[in-house]
Structure formats: C-alpha cells, structure tokens
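No hydrogens, no waters, no symmetry mates; every other heavy atom, side chains included, goes into these values. A note on names: the letters A, B, ... follow the listed sequences, proteins ahead of strands, and every chain is numbered from 1.
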Amino acid sequence: MIEVKQIHKSFGQHEVLKGVSLQVAQGEVVCLIGPSGSGKSTVLRCINGLETYDRGDILIDAQRVDVRSPSIHQLRTRVGMVFQRFNLFPHRSVIENVIEGPIYVNRIAPEVARKAAMVLLDKVGLAQRCDAYPSQLSGGQQQRVAIARALAMQPQAILFDEPTSALDPELVGEVLAVMRTLAAEGMTMIVVTHEMGFAREVADRVCFLHDGAILEEGSASMVLGTPQHGRTKDFLRRVLGPQAGASTSSILTP
Amino acid sequence: MLLQNMLDFLPILLRGAWVTVEVTFYAFILSSLLGLALALLKMSHWRALALTAASVINIIRGLPIIVQLFYIYFVLPEFGLQLSAFQAGVIGLGIAYSAYQAENFRAGIEAVDPGQIEAAQSIGMRNPMILRRVVLPQAFRIALPPYGNTLVMMLKDSSLVSTITVLEMTRAGQMIASSTFQNMTVYTMVAILYLLLSLPLVFVVRRLEIRSGKGRTK
C-alpha cells in the first residue's frame with residue numbers, strides 16, 4: 001500500500017536519508033526505531049509530503065507522493081499523521097478539531113461530521129470532553145484527540161511521529177492503548193517510536209534506522225530479540241537500560 | 001462667562017470630534033487591509049515580491065506622516081489626482097500606518113507554531129484555507145494587543161490631518177482659539193475630549209493584553 005523506494009534527502013551538505021526503502025502492506029503495523037538523527041521522522045514526513053525528497057520514489061497505492069503535484073492535498077487525506085507535539089488547533093474545541101477536516105476539506109455536512117466525530121471521541125475515551133479546549137487537556141488526552149482528528153478523515157493509513165515522546169511517563173499508556181486498538185482493527189500504521197514494549201507487542205515488522213539507512217529489518221522478535229547488527233545491539237542496550245544489557249531477548253519474555 | 005464660552009465652543013468641538021472618529025475609523029480599516037497585504041507579501045516565497053513589500057514598508061516608515069499627507073494632498077493634484085482633504089487625510093494616514101500594521105501582523109503570523117501548518121496540511125488543507133482557518137485566527141489573537149495600541153496611536157495622530165485643512169477636532173480648536181484668543185479654555189477642552197476618546201480604548205487594550213497573557217500560560 002505504501003512503497004518507499006530508495007529515497008535520498010539532504011539538508012544542505014548533510015545527507016539525512018541515504019537510500020531508504022520500505023514497503024508497508026494494507027493492515028500492517030511497522031515500527032521505525034533508531035537513535036535520534038537517524039532519519040526516522042524524516043522518512044515519515046516524506047511519506048506525508050511534509051518534506052520533499054531529492055531522489056527515489058514514494059508511492060501510495062501506486063500514486064507518487066510529490067509535494068509540487070496538485071494531487072498532494074488529496075493524497076494527504078488518505079494518510080493521516082499524528083505528531084510528537086500533538087499540534088491540535090488551540091483556538092478550536094476538541095470536537096471542532098476533529099470535524100475541521102471532514103467539514104472544510106471533505107465537505108461533509110456538519111451534523112453528519114459531528115456525529116461521526118462523537119463516535120471517534122468515544123473510541124479514544126474523550127466524548128465527555130468534546131467541548132473542552134486543548135489547553136484544558138493533559139498531554140495524553142490531547143494526543144488522543146489528535147488521533148481522533150486523523151481518524152476523522154478516514155485514512156487508509158496513519159503515520160505516528162514519536163506520539164508518546166512529549167508525554168509524561170504516566171500518560172504514555174493511555175495513548176498506546178488507543179494505538180493498540182487501532183492496530184487490532186487492522187489500521188495500517190507506521191510508527192516512529194522509542195517504546196520498545198509497544199513495538200514488540202504490536203508491530204508486524206520493526207525497522208532499525210541508523211545514519212539515514214535501514215540497517216536491519218524483520219519481525220519484532222527478530223530485530224529486538226536477536227539483533228544481527230552491532231549498531232542495533234548497541235542501540236537496544238542503550239534504550240533498554242543496563243538490566244537488559246546482558247541479554248536483549250529478556251525483553252521478549254519479561 | 002467661562003461656562004458660557006465653554007457651552008458655545010462645545011458643539012463646534014464635538015462636530016470636530018466626530019470627524020476625528022471618522023478619519024480614524026476609515027484610516028484604521030485601510031491601514032489594516034494594506035498592512036495585512038504587505039505582511040503577506042513580505043513573507044512570500046517569491047523573493048521579488050518579498051523585497052518589494054519590504055522596501056515599501058521601509059519607505060513608508062522612513063517618511064514623516066505630515067510629509068506623506070502633504071504629498072497626497074498638494075502634490076498628487078499636479079498629476080491629475082484631486083482628492084478632498086478628508087479623502088487625502090484618510091488615505092495618507094492609512095498608508096502611513098499600514099507599515100506598522102504590517103509589522104504587527106507579520107509578528108503575529110510568525111509567532112504561530114509551524115506545527116499548526118503541518119497539522120492542517122496533514123488533513124489535506126490547501127494553503128489559502130490554512131491561512132484563513134488556522135494561521136490568521138491565531139495570529140490575530142497574538143497581534144490583538146499591539147493592534148489595539150495602534151488604534152490608540154492613530155486616534156491621536158489623526159490630529160495631523162488638520163494640517164491639510166480637514167476640520168477635525170484639533171483644527172476646530174485652532175480656529176476657535178485664533179478667533180477668540182481663549183487658548184487655555186479651548187485647548188484644555190480639546191485635550192479632555194481626546195482623553196475621553198482614547199482612555200476607554202487604552203483600557204480595552206489593557207484588558208486584551210491581560211487576557212492574551214493568560215491564554216499563553218494556560
């Protein structure tokens with residue numbers, strides 16, 4: 001469904017993506033992991049056309065993602081995005097955030113959009129806060145609203161750019177729970193994350209990025225459990241802490 | 001005697017005050033529209049447009065308002081553009097203030113988090129809609145206190161159009177004073193009337209500043 005073929009991207013002199021390829025099938029959950037600066041977020045932003053790429057191709061259902069093409073807007077409605085810092089519209093209430101796209105982009109009747117939005121807000125557990133403003137919500141609640149906003153466009157896939165990195169530790173769980181539900185329902189998801197527990201549990205595939213290239217790719221148990229590459233082992237040792245250092249496979253059988 | 005004088009002067013000054021309000025009102029609208037246009041042009045990705053807008057803003061800011069008014073009222077007729085004193089006053093003041101308005105708006109727009117634009121793009125919005133539904137409403141909130149301050153300054157600077165014979169409050173006062181020599185009475189009344197117009201605005205702006213300060217910390 002989403003096909004990334006050998007994309008290259010430079011910021012000035014610095015090449016951040018050095019030929020990244022990735023294929024995601026319908027209903028698949030793929031986690032991108034790797035140290036900061038490895039290019040994981042950039043890959044995600046290229047897929048949604050928030051960032052241009054210099055070489056290679058990104059195809060969504062065989063349609064090329066091209067920021068300059070007039071079809072980019074239509075393409076973006078098919079792939080939702082959830083940001084690290086939520087990026088809710090602060091001047092609009094929770095429900096207004098969710099219905100903004102359906103009403104103003106998809107031209108759906110307001111009553112219909114409102115009803116659909118309430119169903120989504122109920123799904124993320126925030127129906128009773130529909131008239132609150134983002135500033136009145138916790139980070140976890142805001143991120144759940146952001147997920148509902150992405151879902152409201154009825155996308156074929158959702159990209160998550162470190163969705164829990166800006167959250168206090170005690171709020172991470174509620175967001176991951178919503179994402180788990182989506183995965184179980186068969187939503188196609190690409191998730192940039194540092195939550196190895198989530199990756200292990202939910203991901204069909206894990207890709208380890210380092211220095212602008214995918215070094216290792218495979219099932220969660222393979223990449224996280226028996227990493228082949230020295231860089232991957234290094235990285236996992238660092239994010240999982242010293243207690244998991246001796247045997248990274250211990251995270252698979254806690 | 002003094003009271004009688006004051007009662008005689010008041011209707012004339014009030015008529016002038018009404019013109020002051022009118023000049024300020026129209027010039028404020030004009031300066032807002034021009035200012036927004038200049039701000040958007042200055043932030044354009046087209047280098048030539050951005051540079052032109054920046055130059056226009058600098059030229060306007062570098063000229064005294066009185067000189068701009070004289071130019072529009074006394075020089076433009078030589079090129080065949082004859083404006084009434086009122087029109088010239090509104091246009092001159094509007095153009096002179098558009099540069100400051102542009103900077104206010106630009107600061108407001110630039111203060112909007114770029115993540116907001118990305119979020120809007122990610123739900124498929126096109127640029128004009130992003131500007132209208134996401135950026136400008138937030139920029140306007142940020143720019144509201146300076147916007148209100150500009151209105152107060154403009155109300156006071158509208159007295160400058162007296163120099164091109166617009167019969168607003170200052171000029172009305174001047175004319176009464178020069179024919180009656182009651183300088184103290186007349187100009188005290190003019191000053192008080194200006195305060196009655198500007199102080200309520202000052203308080204409204206103050207309220208807006210407090211409110212927007214709260215909004216940011218929330």
Side-chain angles (χ1 to χ4, degrees), chain A residues 41 44-45 47-51 67 70-92 96-107 113 132-137 142-143 145-155 157-161 166, chain B residues 32 36 39-40 43-50 104-148 205 207-218:
Chain A
S41 290
L44 216 58
R45 292 165 58 79
I47 295 174
N48 209 14
L50 291 176
E51 203 85 73
V67 178
S71 64
I72 185 70
H73 307 286
Q74 190 272 331
L75 210 58
R76 279 183 182 137
T77 63
R78 284 158 51 188
V79 180
M81 179 100 178
V82 173
F83 300 87
Q84 181 177 355
R85 306 209 54 85
F86 332 131
N87 297 359
L88 291 180
F89 304 129
H91 57 303
R92 306 207 187 280
E96 285 169 343
N97 264 279
V98 180
I99 60 179
E100 182 77 12
I103 292 182
Y104 290 94
V105 178
N106 287 350
R107 302 281 167 199
Y133 279 83
S135 59
Q136 298 165 319
L137 302 179
Q142 287 189 54
Q143 194 61 298
V145 174
I147 293 173
R149 176 174 68 179
L151 286 172
M153 298 303 287
Q154 298 180 305
I158 301 186
L159 314 174
F160 293 83
D161 188 3
Chain B
S32 300
L36 186 58
L40 292 177
M43 287 185 296
S44 160
H45 291 299
W46 271 35
R47 254 254 157 72
L49 278 184
N104 283 347
F105 287 135
R106 191 175 60 88
I109 290 170
E110 282 179 351
V112 175
D113 175 11
Q116 290 290 310
I117 297 169
E118 293 186 346
Q121 285 175 330
S122 79
I123 54 172
M125 282 193 178
R126 287 158 199 276
N127 284 344
M129 187 183 281
I130 294 175
L131 193 65
R132 191 163 49 84
R133 302 247 349 137
V134 178
V135 175
L136 286 185
Q138 293 183 59
F140 196 71
R141 273 179 199 207
I142 299 166
L144 206 50
Y147 194 58
V205 171
R207 287 280 295 276
L208 288 176
E209 275 171 348
I210 291 169
R211 228 184 52 184
S212 78
K214 255 188 207 146
R216 233 169 284 138
T217 53
K218 243 195 325 199

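For P70(A), the part lying near chain B is the backbone, with the side chain staying farther off; criterion is any non-hydrogen pair under 4.5 Å. Only the backbone of L88(A) comes within contact range of chain B, with at least one heavy atom under 4.5 Å from a heavy atom of that chain. Contact annotation for R92(A): only side-chain heavy atoms (C-beta onward) come within less than 4.5 Å of a heavy atom of chain B. With a 4.5 angstrom heavy-atom cutoff, M125(B) touches chain A via backbone and side-chain atoms both. In this structure, the portion of V79(A) lying under 4.5 Å from any heavy atom of chain B is its backbone and not its side chain. Heavy-atom distances place both the backbone and the side chain of Y104(A) under 4.5 Å from chain B.
From I123(B), atom CD1 reaches atom CE of M81(A) across 13.5 Å, with rounding to the nearest 0.5 Å. To the nearest 0.5 Å, atom CZ of residue R126(B) and atom CD1 of residue I72(A) are 10.5 Å apart. One finds the OG atom of S122(B) at 10.0 Å from the CD1 atom of I158(A) (value rounded to the nearest 0.5 Å). Rounding to the nearest 0.5 Å places CE of M129(B) at 8.0 Å from CD of E100(A).
The environment of CD in E110(B) is crowded: more than 12 heavy-atom neighbours from other residues, nucleotides or ligands sit within 6.0 Å.
Highest contact tally toward chain B, considering only Q74(A), R149(A), H91(A), M153(A), is held by H91(A) [criterion: heavy-atom pairs under 4.5 Å]. Ranked by heavy-atom pairs under 4.5 Å with chain B, the first of G80(A), P90(A), A146(A) is P90(A).
Contact annotation: the side chain of Q121(B) never approaches that of H73(A) to less than 4.5 Å [non-hydrogen atoms, C-beta and beyond].
Closest non-hydrogen pair, A119(B) versus F89(A), comes out as CB-CE2, 4.1 Å.
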